[in-house]
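Step one of this worksheet: look at the structure below.
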Amino acid sequence: MRVRFAPSPTGALHIGGARTALFNWLLARGSGGTLVLRIEDTDRERSTLENVEQILDALRWLELDWDEGPVSQAARAERHREVLETLIDAGSAYRSTATADDVKAYKQSHGADRGFRGEDEPEGAIRLRVPDEGATVVSDAIRGETVFDHVHLDDPVIARADGSVLYNFAVAIDDADAQITHVIRGEDHLSNTPKQLLVLEALGVEPPLYAHLPLLHGPDGRKLSKRHAAASVQELRDAGYLPAAVRNYLALLGWGPDDDTAILSTDELVRRFSLAGVGNAPAQFDERKLRWVNGRHLHALSHAELTAELEAFIGRTGLGPAVAIAAEKIQTLADFWPLCGFIYDGPADDPAAWAKTLGADVGPERLAAAREALAEAQPFELAEVEAALRGVVERAGVKPAQIFQPLRVALAGTTVSPGIFETVALLGREETLRRIDAALARTAPAPPDAA
RNA sequence: GCCGCUAUCGUCUAGGGGACUAGGACGCCGCCCUCUCACGGCGGAAACCGGGGUUCGAAUCCCCGUAGCGGUACCA
C-alpha cells in the first residue's frame, strides 16, 4: 500500500489537513506501507516556503513521519510538460483561448445540460477533451460509486498558456508516477476526481483506489477557517495539547472503533484503524472533548514524562515538585502555570479572593491560628502539616474551608491551588510563614502604638 | 443556476429490516467524595430532518422534498 499526503502550502496546516495526514499515516503504518509527502505548490501566487516549513513542523510535532519526500510538485514541471505534449499529440488535449467568461456564456446559451467544449486553436491554455457521451465513475472506498455524466462536465483547463500545469492534471500524474495505490483525501476533492480519472484514462494508466473523507466543520457547523479558534495544529500545540491526544481525538472525527472505546493509544489506532470504519457525514471539531481526551492522555503520563513535557512547554526547569501535587488537576499543559505559578513566582494578585477570605471579619485571626500551628509542626512534612492544620480546624470548631481558604489565599493569592497540605509542605516552613506574615501585615496594619 | 456528497441526543458516534422502552462518550444538570479547583463514583434530561413508498415489520432499503456542505478557477 502506497499512500500520500499532499498539502498545498497556502497557509498553516489546519486540523482537517492534519486528520487527512493522520488517516494516511495510520493506513501506511498499519499495513507496512509507504507514506509519500508531496507539497502541492503549483500555485505560485499563494505558495510560500514559510508555509511549507510550518506544515512540516506541524507534522513533526504530531509525530507523523513520512517515508518519501517531501517532493515539490512545482519541481516536477518538466515531467508535467512532457505528459502534456503526449496528450496534445494524441488529441486528448488541445489549446484554447476560451476564458472563464466564455465558458459561462457558452453554458448560458446551451443550457445546463451541455458542458463546455472548446475549439482546437493554435494557442491558448490547454484543455482536456472530455467525451460527449458516457460517464466517469468514481469508486470510493467510503462512498461507493459516484457517477459523473460527461455531458455535465466542461473540458477542464489542465495547463496555462505558458505550459505550467494545474492541480487536476498534476495530481493525477504525480500520484501515478509515485505509484500511489490509495488516494485518501478530503471530500472537497470528490467532484474533481472525474477530471483526474479522465487524465489517467487518456494516458492509459490504471487509477488508484480513492477514499474521500468527510469534511471537518467548526463548532458553528460551518466550514473550518481561520476564524475558528484552535483551527491550526500550531494553535493546538500552543494550547497545551499532547500530540498523542490530538491524534486520538482527530481519529475519532469521522472514524470510530467498533466498540465504545474513546481513548486509544497510537499503537491501538494503528492496529484498529481501517477505511471501512470511516463514516460519511461531516464532523464538527469540539475542543471540549479534545480537552477531555487530552486530560486522559496527560494523566496516563509518568511523573517524569509529564514534568519534562511541562518544563519544555513553559520553558522553565525545576517544576517536578509542583507537578507532583498538581498533575491530577490539569487537563492541558497550559493549565499548569495558572495553577502553580504562585509556588515559584509568589502569590497572584486576586482582589476578589482577598476580599472574600482575608478582607475583613475573622479571616486574619484564622490565618494567624494556622500560622501558629505551622510554626510548630515538626518535622515540616505532609503528615505533620496536615495534622497541624486539622488541629486548628478542630480547636476553632469551624469548617475546614474556613481555615484553609484564608491560608490558600495568603500563599497562592487565589482561591484555587493544589491541595493545601501539599502546597504548604512543598513551600516549606520558612516560605510558608513568610507569606503568611506578609498577608497578615497587609490585612491588619499594626496600630501606631501597638509596637 | 448546474453537478455531486451528506443527514441518529447540543457535539462525536453505535446501529447496516425484527435483539431499539434507540446504546456509549464529551458537554450539561443533580447527588456523593471533598480544603479550593479538578479527578473519580452514582443518577438524570437529551436524537432517528419531513413526506411518501417497499415490507408482516424500517433509524436501517427506495423515491421526493428540505437543509448543510463541496465542486462548478488559466486555486489547490
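Below, all heavy atoms of this structure are taken into account, side chains as well, without hydrogens, waters or symmetry copies. Residue numbers begin at 1 in each chain, while the letters A, B, ... track the order of the sequences.
Between A/His189 and A/Tyr167, the angle of the ring planes lies from 30° to 60°, which puts this pair in the tilted group. The aromatic rings of A/Phe273 and A/Trp255 lie tilted to each other, with the angle between the two planes from 30° to 60°.
Within 4.0 Å (heavy atoms only), A/Gly419 reaches at least one base atom of the nucleic acid. Among the heavy atoms of the strands lying under 4.0 Å from A/Arg46 is at least one base atom, whether or not backbone atoms are also near. Contact annotation for A/Thr42: backbone-only contact, meaning every heavy-atom pair under 4.0 Å involves sugar-phosphate atoms and none involves a base. Contact annotation for A/Leu190: backbone-only contact, meaning every heavy-atom pair under 4.0 Å involves sugar-phosphate atoms and none involves a base.
Using a distance-only test at 3.5 Å, with no hydrogens or angles considered, a donor-acceptor pair links the side chain of A/His150 to the main chain of A/Thr136.
Using N1 to N3 plus N6-O4 or O6-N4 for Watson-Crick, or N1-O2 and O6-N3 for G-U wobble, each under 3.5 Å, B/G30 pairs with B/C42. B/U66 and B/A7 make up a base pair, with Watson-Crick or G-U wobble contacts both under 3.5 Å. A 3.5 Å limit on both hydrogen-bonding distances identifies no Watson-Crick or G-U partner for B/U55.
Rounded to whole Å, the distance from NE2 on A/His212 to C1' on B/C5 is 11 Å.
Side chains of A/Gln73 and A/Arg76: no donor on one and acceptor on the other come within 3.5 Å.
For A/Arg390, a side-chain nitrogen or oxygen approaches OP1 or OP2 of B/C35 to under 4.0 Å. Residue A/Asn192 places none of its side-chain N or O atoms closer than 4.0 Å to OP1 or OP2 of B/A76. Under 4.0 angstrom from either OP1 or OP2 of B/C75 there lies at least one side-chain N or O belonging to A/Arg160.
Here B/C74 is the nucleotide among B/G70, B/C74, B/G4 with the atom lying nearest to any side-chain atom of A/Leu166.
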